[in-house]
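Written out below as structure tokens is the structure these notes cover.
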Amino acid sequence: MANACFVVGNESVAVIDTLGSAVAGSKLRDAIRTVTNKPIRYVINTHMHPDHVFGNAAFKEDNPVYVGHHKLARGLASRAERYLAINKQMLGDKAFQGIEIILPTLAVNGTETLDLGGRSLVLETQPTAHTDNDMTITDTATDTLFLGDLLFSVHVPTLDGSIKGWLALLDDLSRKQAARVVPGHGPKAMELPGALEPEQRYLAAIVSDVRRLIKEGKTLEDATRVAGFSERDAWKLFDQYHVRNVTAAFAELEWE
Amino acid sequence: MPALRSLVYLRRVAALATAAFVLLAPAAKAEEDVWPELRQQTFGDRAIKAEDGVVVLEIPGTAEDASLVPLTVRVPPSVTQNLKSLTLIVDKNPDPLVAALSFGPAAGSGGERSFSTRVRIDSFSHVRAVLETEDGTLHMATKFVAAAGGCGAMQAKDPDAETVDLGKMIVKTFPPALDSNPIWSGLVMIKHPNSNGMQLNVNTADIIPARFVKEVTVKRDGEIVFQMQSTFSISTNPNFRFTFGRGADNSLDVAIKDTDGAVFTAQSTPSGS
């Protein structure tokens, strides 16, 4: 399950990611309402994946501004049919109830600041990495950096963008200063730069193995059997996602 | 999204009507066996020897990424005949024909022959390799693959990067491990979206028109290795790995045509470089 967060200002509330269903999103909304009755003005999605956006519908009654990377709409809309079908099958009819695709009404390109009243969130769109629509959020009041799925901890990273782009971005992020970072999957808070290291090691292992295999004239199938397997014991859900990551990495790196 | 779905459906019908082989699979329900009809349309009443070991199909039983499923066809060294043609079929794809190759004099014999590519698989489907040997016999290997959403929901990880370098090609040759083996292998890669006309441009609400590689000709030292007709069931950035018979220079010339009429050509870099 993904991490969902909310930030409370003097005047309003911002939600950062809404979990994987309207049912879960609605429980998140209930949890927020036990803390504050201030209006939920912003629902921010760190990127397009269903486990971060499918709870969006639970906040419709708040009439919030839905906020995302300017490429989120294209990415999510083109995958909508498949995401809905897969999740309907995976969740079952009851848990699937209420899910709908809600695209950003505020598309961010570059940097954007949201004012919650005495507290602001700085949104920064990132180049293609985990996906082509990752956006980070900094809560300036607490110096907390929300990384979405640019940071996985415990749960094996999943590659749906560019492995080279992701490693380059992690390198930039590792030089950032922040009191804490929040991963998209894993504990609720971690510290830089150590938080990024396991993920950097995982992605770098894939890149180095895949590059060597390509140089040796090996095929994609060969790579899916061996590349990055030194990381197998370091992650949960490795068997579910790793081969897919290697496949995507191979298709990217073979053009170098 | 009924509007989107009906557009996709119309597009599927249109794509089918223009496909090289008009096959009637898309209306079929998931559980329906479409093969008898496909078989009739593609091969008529010709006998097909199934699983007789002349052709071996390797494909993962579960596709990790339905838009990029690696597929390899092998003809074991015990088969000594020349090869005439190879047809790759994914029963449940909107256009079930993936590729139809006809082999030329440079296809080679005297060792294991193989052909690999990467395909899109739209739903749980049988995948078939039908090989025609020189004597005119058809041999078939079949595998079942669990996959979903390779075609209708096919999408680029980074659509903006997709059209950069369109037509860029890499052509390589690999000598056999042993000099006594007369079979070399080659690799052809082309940067091409191979788009299937089933994606929606969300900015304009238009269907992105289909544009895919439809013809590939590979020659070794001027003689044909194979000529291939292909469809959008081949993944983005089409990738073909194949064997060919040893020649004097072992230099490959490749010509690729797409549905927009664009022609891309490339020559192999000397092996080992």
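On a predicted model such as this, the values are computed, not experimentally measured, just so you know. Per chain, numbering begins at 1; letters A, B, ... match sequence-line order.
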Look only at the side chain of A:R244 and the backbone of B:E64, and say whether a donor-acceptor pair between them is shorter than 3.5 Å. yes

Heavy atoms of other groups near A:Q240 CD, more than 12 under 6.0 Å: yes

About how many Å separate CG of B:L71 and CG of A:L220, when rounded to the nearest 0.5 Å? 12.0 Å

Distance col, row A:E216:CD vs B:F174:CZ, nearest 0.5 angstrom, shows 11.5 Å

What part of B:S185 lies closer than 4.5 angstrom to a heavy atom of chain A: side chain, backbone, both or neither? neither

Looking at A:Y241, I'd like to know if its OH atom is crowded, meaning that more than 12 non-hydrogen atoms belonging to other residues, nucleotides or ligands lie closer than 6.0 Å. no

A:R201 atom CZ, neighbour heavy-atom count above 12 within 6.0 Å: yes

Flag if over 12 foreign heavy atoms under 6.0 Å of CD, A:E100: yes

Please check if the number of heavy atoms outside B:K168 that lie under 6.0 Å from its NZ is greater than 12. yes

Tell me, for A:L159 versus chain B, whether the close heavy atoms (under 4.5 Å) come from the side chain, the backbone, both or neither. backbone

Around atom CG of B:D179, are there more than 12 heavy atoms from other residues, nucleotides or ligands closer than 6.0 Å? no

CH2 (A:W255) and CG (B:D165) are apart, to the nearest 0.5 Å, by 8.5 Å

A:E254 and B:R118 ion-paired at < 4.0 Å: yes

Can you tell me which of B:D65, B:N239, B:T62, B:L187 forms the most heavy-atom pairs within a distance under 4.5 Å of chain A? B:D65

Looking only at A:A251, A:S162, A:G161, the option with the highest number of non-hydrogen pairs under 4.5 Å against chain B is A:G161

Chain B contact via A:T247 - side chain, backbone, both or neither, heavy atoms under 4.5 Å: both

